[in-house]
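Structure first, then comments.
Being a predicted model, the structure only gives us computed values, none of them experimental. Position 1 is the first residue of the sequence, and the numbers go up from there.
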Amino acid sequence: MSSKNVTYRADIDGLRAVAVVGVLLYHAGIMNPAWQLAPGGFLGVDVFFVISGYLITSIIRNELVRGNFSFSTFYQRRVRRIAPALLVVVLVSTPFAWKAMPADMFQQFAGSAFSALAMVGNVWFWLEDSYVSPNSALKPLLHLWSLGVEEQFYLLMPLCLVLLWRKTRHHLPIIVAATMVASFLLAQHAAVVNPDSAFFLLPFRAWELLLGAYFALVPQRQLCKLPAWIHRNASNLGLLAIIISFLGASHRMLHPGWVTLLPVVGSGLIIAFPHNNFAGRLLKIRVIVWIGLISYSLYLIHYPVMSLMRIAEGTHLPASQIILALGLSLLLATLNYRMVEQPLRNRTLKFHVVLAFVVGLAVATSLALTAVQLLGYRYHGENTKVQDMRKTLKRSEFIKLHQDSPVANPFLAKVMKKQSTCRYRHPQHACSFGDASWVSLGDSYAGQLDPVLHERFEAGGPGFVSLAYEQCPLLDRGFWFGDAAECPTVNELRWRRIEAFEQKKVIVYAANYGYFNVAKHRTTDPIGDGRSKRRDGRAVAKDEVIASHRRSIARLLELGHDVALVYSIPHPQSDVRLEYFRQLDVHGADTFTLPARFTSNAASYEQSKEIDQWIDVPDHPQLVKIYPREIFCESAPPNRCLLWDEKGPIYNGGGHLSRQGARQLIGEIVKRIQH
């Protein structure tokens, strides 16, 4: 195995530029479809993984060949390269996050910041429940998951190479290749049965880093034996594969999966077969190389800028603000590169000086994050009503059958305390109140009504039982939605419970009908597959789901129950909760005295109207049709939907209603049922 020197290669910096531009374009359009110029741009992270695997392994290999490898020296270089720029970005982002974010979102920001500093950012986001957590575009440090993967690779790879070097150095390429294939196959399985693990965790990403490592270890003479046409064209093909993946891939695909091979193998071809062809010359253009040089700082900075701007200004940024975010990211990245990265990576600067700087930044960041929490997330000056509103509008938690803990859900905790034998969301052991003459039924759009039903009936009169279950509308076939593959089992249990009712009920049925076009067929292990977020269910035609929905409503009516069918709840085009509290801050309001706010266009109304038309069911004497757009829309201005009124926001996240919105809806249902 001959020695190879790690000489500077401008084309690799050019490749970094391609990767970071893909990521920037993707993130710029993540909530602005018209700006989604690179729907597969997120694959730029996979390009970075290959580059990192190649460069790190090349450095270790060359020092092992020379006999001067040192763990201390290696990790000093990693600290110089990674820590200062990262700490500066996290520290500077903290006050802006404190200013822009509601309390619960800042708490998540602080947790993600601490985990990033501890090199486990990927584990933090893996542990988050993606169904109830804030939108990913509103998590300023989400992108640091990839840094966690690389840092964990940096901890393991030197140790593995040192242990294998003495006796198996000539077989290292084969060992790395075998490990790479095993990791790739493992990732394909995980992408189906547990996609969050496949996306965030090192064992399922290692193959991408190991491809770069393989080309750092394979003897150059073996590559030289390949035909000349491969050397002439490989990097061209590699660049083409990367561009095709950026333009043609989608976040809906299984990832990391077979499509991920395009950017990964493409990057490997560019690294392994440098040539003065079109790709080689393009990647060495001065401006492209410059973007590659600042790519680390640009990657670190762009996401907090875009995310905090979305939180502060609105989730759907206009073109002018997207351009501003990109320009600001480029400027700040250049400053971070010039003033932090370059000086602290200079070998003439003693490491103890760098270490002191890093420790100081880490302490300052930790103190800043802790101080904000001790200060009450800056909301300590607000009156009790506003503070209570912030607590109430924490995003609802919807507990699955295999999750009985009431943690983080005050209403659920109250229910479980009063009725220790009931299991919220379990159809056979559901919590019931009073005479249980009312039933909430459907997915989370029905579950969001439970606290208000409980509130309304707690003082006396009728009671209710909850048969709501997140992502699971009541259907008569084995369909499931999202990541709740257990829906068929849940529905079987619900039908069994409903058919066992001895008395007539008032059933309040609600669902997110917009997802009827993404239904999937039953899997072989419903509860288990739902827990692991299985995604391989065969798609179901929307008309088939709608037919099942109509049969379900007809079946409820045939059983003699009164049914209050809640039609489509208009889905806001922005994060209402964030926008409401932002306006409170701007106007200095200490009560809920903001004027009513409506959507800026008719999109929510028209979409709701269209959905209502295709889910409509025949009239029936015991059927009451409730149209939320008649409650929240069709007022001044015409065909606009209410986002908040003088009492507070109508929504608390996505299309889920707040207590205020749910009270209006339940009030209309009770009035219609009583008449």
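- Side-chain contact between Leu156 and Leu202 is present, with heavy atoms from C-beta onward closer than 4.5 Å.
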Chi angles and distances behind the side-chain contact (heavy atoms from CB on, under 4.5 Å) call for Leu142, Ser112: CA-CA 8 Å; Leu142 175 62; Ser112 63; over 6 Å; no
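- Checked against the 6.0 Å centroid threshold, Phe184 and Trp258 count as a close aromatic pair.
- Note that NE2 of His143 is 8.5 Å distant from CG of Leu147, once rounded to the nearest 0.5 Å.
- Note that Arg232 lies outside the cation-pi zone of Phe273, set by a 6.0 Å cut-off to the ring centre and a 45° limit from the axis.
- Residues Leu127 and Phe200 are not in side-chain contact: their nearest non-hydrogen atoms beyond the backbone lie 4.5 Å or more apart.
- Listed for the Asn277 side chain is a donor-acceptor partner under 3.5 Å among the backbone atoms of Gly280.
- With hydrogens and angles ignored, the 3.5 Å screen pairs no side-chain donor or acceptor of Arg78 with any backbone N or O of Leu155.
- Atom CG of Leu209 and atom CG of Leu55 lie 11.0 Å apart (nearest 0.5 Å).
- Within the 4.5 Å cutoff, the side chain of Leu324 has no heavy atoms near those of the Leu317 side chain.
- In terms of heavy-atom proximity, Arg9 sits nearest to Pro274 at NH2-CB, 3.5 Å.
- Side-chain atoms of Tyr54 and Ser267 include no donor-acceptor pair closer than 3.5 Å.
- Residues Phe199 and Val149 form no side-chain contact, since every pair of their non-hydrogen atoms from C-beta on lies 4.5 Å or further apart.
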Residue pair Asp46, Arg205: steps toward the side-chain contact (heavy atoms from CB on, under 4.5 Å) verdict: CA-CA 9 Å; Asp46 304 271; Arg205 293 289 191 162; 2.7 Å; yes
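- Distance check: Met306 CE to Leu326 CG gives 4.0 Å after rounding to the nearest 0.5 Å.
- The shortest heavy-atom contact between Tyr154 and Phe74 is O-CE2, 3.7 Å.
- Counting non-hydrogen atoms of neighbouring residues, nucleotides and ligands closer than 6.0 angstrom, the OH atom of Tyr75 exceeds 12 such neighbours.
- In this structure, Leu86 and Leu144 have side chains that are in contact, with non-hydrogen atoms separated by less than 4.5 Å.
- Contact record, Val89 with Asn336: CG2-ND2, 4.0 Å, taken as the closest heavy-atom pair.
- Between the Ser245 side chain and the Ile242 main chain, a donor and an acceptor come within less than 3.5 Å of each other.
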Residue pair Arg80, Glu341: steps toward the salt bridge (charged side-chain N to carboxylate O under 4.0 Å, His left out) verdict: CA-CA 8 Å; Arg80 287 177 184 267; Glu341 276 197 73; over 6 Å; no
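- Using a distance-only test at 3.5 Å, with no hydrogens or angles considered, no donor-acceptor pair links the side chain of His27 to the main chain of Gly41.
- In terms of heavy-atom proximity, Arg16 sits nearest to Gly292 at CD-O, 3.8 Å.
- In terms of modelled atom types and a separation under 3.5 Å, the side chain of Ser183 and the main chain of Pro203 share a donor-acceptor contact.
- With hydrogens and angles ignored, the 3.5 Å screen pairs no side-chain donor or acceptor of Asp196 with any backbone N or O of Trp126.
- Judged by distance alone, the side chains of Glu150 and Ser146 never bring a donor and an acceptor atom under 3.5 Å apart.
- You'll find the side chain of Phe204 reaches within 4.5 Å of the side chain of Leu186, heavy atoms only.
- Closest approach of Leu138 to Met101, counting heavy atoms only: O-CE, 3.9 Å.
- Atom CG in Leu117 sits 8.0 Å away from atom OG in Ser115 (nearest 0.5 Å).
- In this structure, Leu298 CG and Leu24 CG are separated by 5.0 Å, a value rounded to the nearest 0.5 Å.
- Side-chain atoms of Met157 and Leu210, non-hydrogen and from C-beta on, do get closer than 4.5 Å to each other.
- Asn122 is listed as a side-chain neighbour of Gln152, based on a closest heavy-atom distance under 4.5 Å.
- Across all non-hydrogen atoms, the minimal contact from Leu43 to Thr260 is CD2-CG2, 4.2 Å.
- Under the side chain to side chain donor-acceptor pair (under 3.5 Å) criterion, Arg345 pairs with no residue at all, not counting sequence neighbours.
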CA sep, side-chain torsions, deciding dist, call: His255, Phe42, side-chain contact (heavy atoms from CB on, under 4.5 Å): CA-CA 10 Å; His255 175 64; Phe42 60 89; 3.8 Å; yes
Derivation of the side-chain contact (heavy atoms from CB on, under 4.5 Å) call for Val20 and Ile294: CA-CA 10 Å; Val20 79; Ile294 67 169; over 6 Å; no
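- The environment of Phe69 atom CZ is dense: over 12 non-hydrogen atoms of other residues, nucleotides or ligands sit within 6.0 angstrom.
- Ring geometry, Tyr299 versus Phe48: the interplanar angle exceeds 60°, so the pair is classed perpendicular (tilted spans 30 to 60°).
- Screening residues 325-365 for ring-ring contact (aromatic ring centres under 6.0 Å, His included), with sequence neighbours left out, gives Trp290-Tyr337.
- Aromatic ring centres of Trp124 and Phe114 lie farther apart than the 6.0 Å criterion allows.
- Between Ser307 atom OG and Phe96 atom CZ the span is 13.5 Å, to the nearest 0.5 Å.
- Phe109 has its ring centre less than 6.0 Å from the ring centre of Phe106.
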